[in-house]
J.: 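Here it is, the structure, as structure tokens.
All heavy atoms count here, side chains included; hydrogens, waters and symmetry mates do not. Start at 1 with the first residue, then count along the sequence.
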Amino acid sequence: GVIGIDFPENRRFEMSSPGETTVGFEFHWALGLPHRFRVDTDEVWRRAGGAVLVGVPCLRASPEDALLYHVAHLADHYFGPSLKWLVDLRLMFRMWPIDPERLAGRSAAWRVRTALFLALRHLDRVFPGESPAGLMEQVAPGSWRSSLLLGRISPDPLELLSVTPSSKSPYPLRGLMIDRVRDAFLMAFG
């Protein structure tokens with residue numbers, strides 16, 4: 001097992017199998033950090049549907065919940081630099097029966113509207129026409145926040161935001177990706 005430097009704040013740990021071909025699993029016991037996203041884990045479990053994974057019955061999050069958690073995870077990593085995550089998002093929209101109205105409403109309840117907007121913008125940039133029609137407009141932030149966020153768009157089409165691991169620029173950007181100004185303030189100074 002591996003425990004990251006963020007433990008216990010990130011409320012997860014990883015396990016991987018030894019050997020030539022490793023398989024890794026992350027175990028999360030909570031979704032989202034305080035003041036950032038508001039994921040009602042009990043509701044996620046209530047909406048979960050049955051699935052079978054390698055012959056083992058289990059529960060799988062509803063399409064909207066899984067997609068929004070994926071988007072929140074992308075935001076936590078500033079939307080890059082992994083093309084895999086963007087391909088995953090594309091496949092979610094293609095393969096799952098996603099209700100755009102429900103997705104927009106739940107993104108507001110979870111406080112991930114801004115993150116969803118950025119994810120949709122990135123998806124349309126790399127795979128034009130792949131996001132549901134009209135959804136980006138439904139979840140777009142106000143003009144002030146949009147101008148600040150869009151000013152940070154990377155010229156590299158595979159990366160959404162211009163963020164370097166060594167710079168201090170991620171911290172103000174993280175605040176911009178939080179839907180409520182009050183929550184951004186609490187996270188920064190709480």
J.: Only counting residues at least two apart or in another chain, list the ones meeting salt bridge (Lys or Arg N to Asp or Glu O under 4.0 Å) with R106.
T.: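 Partners of R106 by the salt bridge (Lys or Arg N to Asp or Glu O under 4.0 Å) criterion, ordered by chain and then number, come out as D65.
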J.: Quick one: are L150 and R121 in side-chain contact, heavy atoms under 4.5 Å?
T.: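 L150 reaches R121 side chain to side chain.
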J.: Listed by chain and number, what are the side chain to side chain contact (heavy atoms under 4.5 Å, CB included) partners of P63, not counting sequence neighbours?
T.: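 P63 satisfies side chain to side chain contact (heavy atoms under 4.5 Å, CB included) with W96, P97, I98 only.
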J.: For the atom pair NE2 (H122) and CD1 (I153), what is the distance rounded to the nearest 0.5 Å?
T.: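 Answer for the NE2-CD1 pair, H122 versus I153, is 8.5 Å.
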J.: Quick check: does any side chain N or O of S107 sit under 3.5 Å from a backbone N or O of A104, one acting as donor and the other as acceptor?
T.: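 Here the side-chain-to-backbone pair exists.
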J.: Are the side chains of F93 and L123 in touch, meaning some heavy atoms are under 4.5 Å apart?
T.: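 Yes, close enough: below the 4.5 Å cut-off.
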J.: Taking the side chain as everything from C-beta on, heavy atoms only, tell me whether V71 gets closer than 4.5 Å to W110.
T.: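 Counting from C-beta outward, V71 and W110 never come under 4.5 Å.
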J.: Nearest 0.5 angstrom please: R125 CZ to S131 OG, how far?
T.: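 The OG atom of S131 is 14.5 Å from CZ of R125, to the nearest 0.5 Å.
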J.: Which residues pass the salt bridge (Lys or Arg N to Asp or Glu O under 4.0 Å) test with E101, not counting sequence neighbours?
T.: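 Residues passing salt bridge (Lys or Arg N to Asp or Glu O under 4.0 Å) with E101: none at all.
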J.: Taking only residues two or more places apart in sequence, or in another chain, which ones meet A51 in a side chain to side chain contact (heavy atoms under 4.5 Å, CB included)?
T.: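 So A51 forms a side chain to side chain contact (heavy atoms under 4.5 Å, CB included) with C58, R60.
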J.: Who are the salt bridge (Lys or Arg N to Asp or Glu O under 4.0 Å) partners of R102, not counting sequence neighbours?
T.: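 Testing R102 for salt bridge (Lys or Arg N to Asp or Glu O under 4.0 Å), a comparison that skips the adjacent residues, returns E64, D99.
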J.: Identify all side-chain donor-acceptor contacts of residues 112-120 below 3.5 Å with residues at least two apart in sequence or on another chain.
T.:
unit_1	atom_1	unit_2	atom_2	d
R113	NH2	Q138	O	3.3
T114	OG1	D179	OD1	2.8

